[in-house]
Structures are given as C-alpha cells and as structure tokens.
**Student:** 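My questions will all concern the structure given below.
In what follows, every chain begins at residue 1, and chains take the letters A, B, ... in the order their sequences are listed. No experiment lies behind these values; they were computed from the predicted model shown.
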Amino acid sequence: MASIFVVSAERFIPLFPRLACQGVLLGCHPCFRLNMFSKGTKRKFSDGDEEISDESLVGARVASSYSLQRQSLLDMSLIKLQLCHMLVEPNLCRSVLIANTVRQIQEEMTHDGSWHMVAEAFCSAGQSPSERLVATEVLCRSREQDAEPKLFSVISYEGCREEEVVADETLCSVSVSDTVSNVCLAGRIGQCWEKSELSGVERDEEALEDSRLGSGEDEEIDTKDRASTESPKTIGQVFGTFEIKNGSPGPDSALEELFSDVDTSYYDLDTMLTGMQSAPKMGPYDILDSLAPSHSSPSIVSTPNCRSDLNELDHIMEIIVGS
Amino acid sequence: MCAADSNSLELCYNGLSLSFRMADIISTVEFNYSGELLATGDKGGRVVIFQREQESKNRLLSRGEYNVYSTFQSHEPEFDYLKSLEIEEKINKIRWLPQQNAAHFLLSANDKTIKLWKISERDKRAEGYNLKDEDGRLRDPFRITTLRVPVLMPMDLMVEASPRRIFANAHTYHINSISVNSDYETYISADDLRINLWHLEITDRSFNIVDIKPANMEELTEVITAAECHPHQCNVFVYSSSKGTIRLCDMRAAALCDRHSKFFEEPEDPSSRSFFSEIISSISDVKFSHSGRYMMTRDYLSVKVWDLNMENRPVETYQVHEYLRSKLCSLYENDCIFDKFECCWNGSDSAIMTGSYNNFFRMFDRNTRRDITLEASRENSKPRAMLKPRKVCTGGKRKKDEISVDSLDFNKKILHTAWHPKENVIAVAATNNLYIFQDKIN
C-alpha cells in the first residue's frame, strides 16, 4: 500500500523499548543500541563514553530523550489514523492497532505526568488535576462557544465517510475523570497553545520542579531538533494540534481568547468533502501538506492521493445528489 | 529436500523451479485436495489455475510440471453507494472444495462477496443436430426428410469457469478468511468483527456465529484476523485476533459462539514489552495441522505451533526474522509491521513454511528443529537449479553471501505460500511472480 504521509529520514527517531519504572529512568546507564534503519548505520548513544558525574542529569536526559521519542511515536500514530484513503475503506485491523498504540502512549503519559503538564496549561488554578479529563479525539467540532462542544471524528471505525461523521464519535479516549474535556485539532490554535504551554511551564516552577526538568528540556530539544530538520512549524502543528479545552463552560476568558479566532465552518462535512478551504485555515488534509519539508506556509497544495480522490469524490457526490 | 526418509524433511533443498509472471500482485495461493490444481488470486480480481502435467513415463527424471489451466475474472470492482466507498476486487482467499465429480469447485472471496465457481472441461462437441445445422442456424422443419442421432465429436480442450453461487451482502467489514467445513456442505466466512456460517446451496441467508462488535464502536480494541474450520470435526472452528489470542469454538454448544470453548494465549514476556508489543502479537494466519491435533499461528516475528489440548502456551515457537525486533519503529513507520504473513503445513505435518522480506521464505522441520531460508527470485531460480540457502547477518562482520539486515528489501515480501498436500512441491507468491519449487528425484 502506498504510504501517503511524507516523513523525511532526518525526522525519524528510533525508539527503544519502554523503560518500566521511574527508577530505571533516572539511574540507567546510557548504553543502549539505537539502530537507524533507514541509514544502515548503528547510532550509538552519544554520551556513552563521557564521564557523567551528575546522575540525575543523565537520568533527565534519558527521560527527555525517551519522551521525545514517545511523542514522535504518538505523532506518527495520529498521522496514520488521520490519513485514510478516501475512496476505499481503511483497514480496520490496522486502525484498531494504531489506536491502541495511541491509547497506550496516552495512558503512560498520563501516569508520568506529561499529559498532566499539557492539561495544566489550560486550566484555571482552582481545578485540581483529578477533575480534568484527558480525552483525545482526532477531530472535534465546537459549534458554539458556550454550548457543550460536540465531537465528531472523520476517521471512525465505520469507514472514512459515513453519515455518522456528524454525530458524536471518538476514535480513542482516555478518561481520567468525569469532567468532559475535549481535545481539538486545529493547526493555528496549536501555535498559540505551544506558546502558552511554555509560559505555563515557566510559571509553575516551584510546583513541578522535577517533571519540569524533563519537559523543559523536552521543549528545548524539541525546538532545536525541529529547527534543524525542517520548518519548525510542522511538528509543532501536529503536536500542537492537541489542545485541551474544558467542556464545562467556565469563566475562563483566557481560553475564550485563544479559541475566538477559530473558524469552525471548515469542519462542516461539506467543506471537508469538497476540499474547499481558504488558505489560512487548517483542515485535516492540510496537515499532510504542511508536513512536506518544502512548505513554509500552510497553503493548499494538492497531494497526489488525497486531492485527486477528493475531486473524484466531488464528482461522485454530484452524481448522487443529482445536482 | 533430497529426502531418503520421506517422513523427515532433509533440508538440502533441490529445486526444480517454475516461475510465472502474473498480470497483477498475487493475493492468495491454494492447492486443491489432490494437489493436481493450484489456484492463485490477484489484486485485479482474477483467478489463475495451474494444472500439473501427468507424469510422462518416458521422462522419468522429471516430475509433472504446472501449466496454466484456466484464467477467469472472479470479482469486479464495485461501488458501495451508501458509504460512497469502493469495494476492491482483490481476491483475499481461495478455498477448494473436495472433488465429487468431473468438475472442480472453488470458493473465492473479495472484501464483501464470496463466489462458488465451477471449473469444468469440455473436450467433446455434439454434431449432427436435426433442427439446426453446423453453424447454428435453424433448419426449416418441413425440409427435414431424415432423422439422425447427434454424435459426440472430439474438440480442443476448453476449460470453462462459471459462477454457480454468489454469497453476498452478509459482511459489513472486510472478509479475511473462508474455510470449508469437513462436512463439505457448509463453510464459514470471517470479517473483522463477525463470522458467518453458510450452506453451499443457500445464498440468500447465512447464520452469524461469532459477533465481537461492541455496542459502542469507540470501545473497539480487538478484531478477528483469521478463522478456520477443524479438518475433521465439523462442529469445531477457531478464530484468531489482533491481540494474539485464539479462540476455539464448538457449534454444538450454542447458536452464537461468542463464548469460546478454549482460549489460547501465551503470556507476555514483560522484559520485552514495548509500544509495539501488541501489534507484533497480532495473529495474521491460523492453520490446523492435517491431523487436526495441532494448529499453527503466525504473528509478525514468529510462528507458533499449539497443541489443541494445551491453552496456556504453544508447544513450539519458531523465530522467522527475529533480527527485525530492533527495527520495529521503522517498520511501523513504513507500515510493514501490519503485513499479514501466512503459513502452511506440509502434507505430513512434519514441516512448516512461512514468508519473510527480501523474497525470503523460511521452512522449519519440526522433528530435527532445523530451519532454512530460501529466496524466490528469478536470478537465483533457474530451472532445475538447486536453491541456495540464504542467511541474514544480524551483527558483526558480514560473511560472504550473507545479507545484512539494512540491505533487506522490505517491498519484496512473501505473504502467501502453499504446500502440496502430498508431495514436496511448494508454491511461493512474490509480489506478481509465482514460483513453484519441487524436489528432484535422486
């Protein structure tokens, strides 16, 4: 089958089996084998020969490298879930396996607090962590700001384009508590989210010292890595396409501000299907476009598979509708 | 396979090979019960049947070769108007029915529809009709002065394939398996979430015997990946899942076999747990042994043989390409980790075979525990040439003739293989090439 997402070789970060407990994360010896499959060389862990006096620093580096790689796997999985061949039904087994992998990563991130960090950036100080629901849906739609946000997923298990698309359907969800909270996919928002996350990290210094070390470094490595390999926006867009939004309408003007410029009309079924989106808006297929290294701005450019399929789809819809 | 003792597979494989280039990617390969016929299905919905030549008494040194016997279009692409989705014409599975008369019957399935095809030979033609003349024009009855009896005259052999039954509209999800029951009257078809039981004569209804679809599709975490009927007990079948489990069900227990009679699962090794553990444990194929006492499952990295009487672990495990374990992330990225490899038994259940990448396929002798890696490629398989065993270098210095893991071609995958039910003849499908290897007579 044709792989239709563009991932440059430099972006690929190999993974190693997950480390079982916190103790191992902090005290492990940096001697694992990391094989670069595509390049055919063995990449040794760079700090292997250095004498490291500060063990916690080593541990933190290992931890951040691990979370970086875990994040990369999460990104990859989400892209795979989003990209489905529009004309033929996607392979259900593959979708289920990828979704389970995503769920696994999210559970782990929830347990070691990385997801927690993400959620905290958006919530008002009064709320305790346990009240925040960490739910992940691939796509969600919010019609009105004050109403209960409705969720829908373009990628449902029933096939890419079903009538159920407009109904509430989540691909995968990890619920930590009862509070409804939605994760939305929106490229532009992601950038705002990223900025606010960084500031959020700086603000909560005392409270989150240990984990912040990991995630702070995370951010640094993140941006450095991204800048060196491709346009910094792209990974941020994918990663940053997750935003945690409180479902219950609260007096949170900061959040309102963030989302005020979101145009939700492009989540309408029709506009998606006909692929008619104006330049600054990000739809599901634009993420695919923006991943190509040559892009610097999110413009609509046809990718061979999705766009021609959409045109065909357009044609078919016309026949069916009889217009 | 220069076996002096036919019970143990001597793994020095002498190949007498044939290869065919097909018009499209081969998606299934299956010998019939006698081994005389070999059917292949491809991505374009075509079925090509090969027939073995009768052994010539003059040429003692050569076994019968396989030649094309019949080609027909089994399935056409369809469009599901309700979902606005295409239905691929790719043949997912072919299963032969045991031969009961001069004609041959097989079932072929694409994602949604199963068809029963009758393949029959015609080598005679009736000539000398009274009411029509030789080119078919009707004769004027008043002109007929004498009556004659039509005579059967020989003609060139014609092989006709005609669809006798079409079993449609019973599967919402993609069909991954079909299996003919030992009663030769019924068969099962399995898709991602359901298994249906059909009668070969009845096309307008089927019984749903397994349904694992959750009420809320968001809760879906496991799908059916393969199913097979027991070779002797017509009430027993098994199905495998994407979580690496196999359930054996008895149709006598209940009409709906959602509750299994036996549950086979190997406990996970906690030290090798990773984010990919579940994906690589997903079973891509399950096959009963001919004896009916064992079954074999194929997951991404290994083949396991299970004793039906022992549910908690397999009795034998064979590593197919363990060197890929460190490459799982790349294989996930390029989707190769989702490849569904099949596996097969030899006629005596003493050996098993499965495919790998780089056009390699592996054979394991269960008695001697020896294994061999062979390659199906045009360069290496000249007719009547011996197949050279291949080796993958996993680390350190690469020896001559070895191939390193990073040089493997992951686009050349052997997913479908078949073993003759009685002899040491194997069919290996490599993308759009079919290789048939036979052992040489010493």
Side-chain angles (χ1 to χ4, degrees), chain A residues 1 3 5 7 12-18 20 33-42 69-70 72-74 76-77 80 85-89 91-101 103-105 108 153 156-164 169-173 273 313 316-317 320, chain B residues 77 79-88 111-112 172-174 176 191-193 213-214 216-225 241-243 270-280 282 284 324-338 340 395 404-407 410:
Chain A
M1 69 173 257
S3 184
F5 61 93
V7 181
F12 167 68
I13 299 163
L15 276 184
F16 51 89
R18 85 180 217 198
R33 216 160 30 106
L34 299 168
N35 293 324
M36 283 288 274
F37 163 69
S38 53
K39 288 188 177 169
T41 56
K42 284 197 176 144
Q69 293 171 356
R70 181 176 61 186
S72 167
L73 182 62
L74 182 64
M76 204 196 301
S77 307
K80 281 179 183 292
H85 198 299
M86 285 301 282
L87 276 187
V88 183
E89 243 175 310
N91 185 335
L92 185 64
C93 182
R94 177 178 172 273
S95 305
V96 167
L97 288 173
I98 298 172
N100 288 351
T101 307
R103 213 178 271 128
Q104 237 190 300
I105 297 173
E108 194 183 272
S153 165
S156 69
Y157 282 129
E158 304 274 304
C160 281
R161 291 184 48 242
E162 265 214 310
E163 292 309 304
E164 284 165 71
E169 185 141 356
T170 61
L171 183 60
C172 50
S173 55
L273 290 180
L313 216 53
I316 290 161
M317 284 293 285
I320 293 166
Chain B
F79 193 78
D80 181 339
Y81 292 98
L82 283 180
K83 291 187 187 174
S84 291
L85 291 168
E86 264 186 25
I87 299 171
E88 279 190 304
D111 283 340
K112 301 282 184 182
T172 309
Y173 303 97
H174 293 178
N176 52 55
D191 65 28
D192 293 317
L193 298 178
K213 182 179 178 183
N216 187 355
M217 278 297 272
E218 297 161 28
E219 293 163 4
L220 180 66
T221 56
E222 191 174 10
V223 299
I224 297 170
T225 51
S241 81
S242 56
K243 287 200 169 166
S271 64
S272 65
R273 176 136 184 81
S274 75
F275 286 118
F276 305 110
S277 295
E278 186 184 313
I279 300 178
I280 61 168
S282 172
S284 51
L324 294 183
R325 193 179 285 273
S326 55
K327 312 283 187 195
L328 291 178
C329 194
S330 332
L331 295 165
Y332 179 72
E333 188 178 13
N334 63 16
D335 268 5
C336 281
I337 208 174
F338 301 108
K340 294 197 186 301
S404 73
V405 184
D406 299 316
S407 313
F410 287 82

**Student:** Quick one, A:Leu97 and B:Ile337 - any side-chain contact, counting heavy atoms below 4.5 Å?
**Tutor:** no
**Student:** Against chain A, label B:Ser242 side chain, backbone, both or neither, depending on which of its atoms sit under 4.5 Å from a heavy atom there.
**Tutor:**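 Both the backbone and the side chain of B:Ser242 come within 4.5 Å of chain A.
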**Student:** Does any non-hydrogen side-chain atom of B:Phe275 lie less than 4.5 Å from one of A:Leu74?
**Tutor:**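 A:Leu74 vs B:Phe275: side chains apart.
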**Student:** Which atoms of B:Leu328 come close to chain A, meaning under 4.5 Å heavy atom to heavy atom: side chain ones, backbone ones, both, or neither?
**Tutor:** neither
**Student:** Would you say that A:Val96 contacts B:Asp192 through its side chain, given a criterion of any heavy-atom pair below 4.5 Å between the two side chains?
**Tutor:** no
**Student:** Taking all heavy atoms of A:Cys93 and all of B:Lys340, pick out the closest pair and write down the distance.
**Tutor:** SG-NZ, 3.5 Å
**Student:** Taking all non-hydrogen atoms of both residues into account, name the closest pair between B:Glu333 and A:Lys80 and its distance.
**Tutor:**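 Heavy atoms of B:Glu333 and A:Lys80 come nearest at O-NZ, 3.1 Å.
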**Student:** Run the side chain to side chain donor-acceptor pair (under 3.5 Å) test against B:Asp191 and tell me which residues pass, sequence neighbours left out.
**Tutor:** B:His171
**Student:** Side chain from CB out, backbone as N, CA, C, O: work out which of these in B:Ser404 comes under 4.5 Å of a heavy atom of chain A, or both, or neither.
**Tutor:** neither
**Student:** Measuring only between side-chain heavy atoms, which start at C-beta, is A:Gln69 closer than 4.5 Å to B:Cys329?
**Tutor:**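 Answer no - side chains too far apart.
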**Student:** Taking side chain to side chain donor-acceptor pair (under 3.5 Å) as the test, write out the residues that go with B:Glu222, two or more places apart.
**Tutor:**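 B:Glu222 satisfies side chain to side chain donor-acceptor pair (under 3.5 Å) with B:Ser241, B:Thr245 only.
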**Student:** Please report the shortest heavy-atom distance between A:Asn100 and B:Leu220, naming the atom on each side.
**Tutor:** OD1-O, 4.5 Å
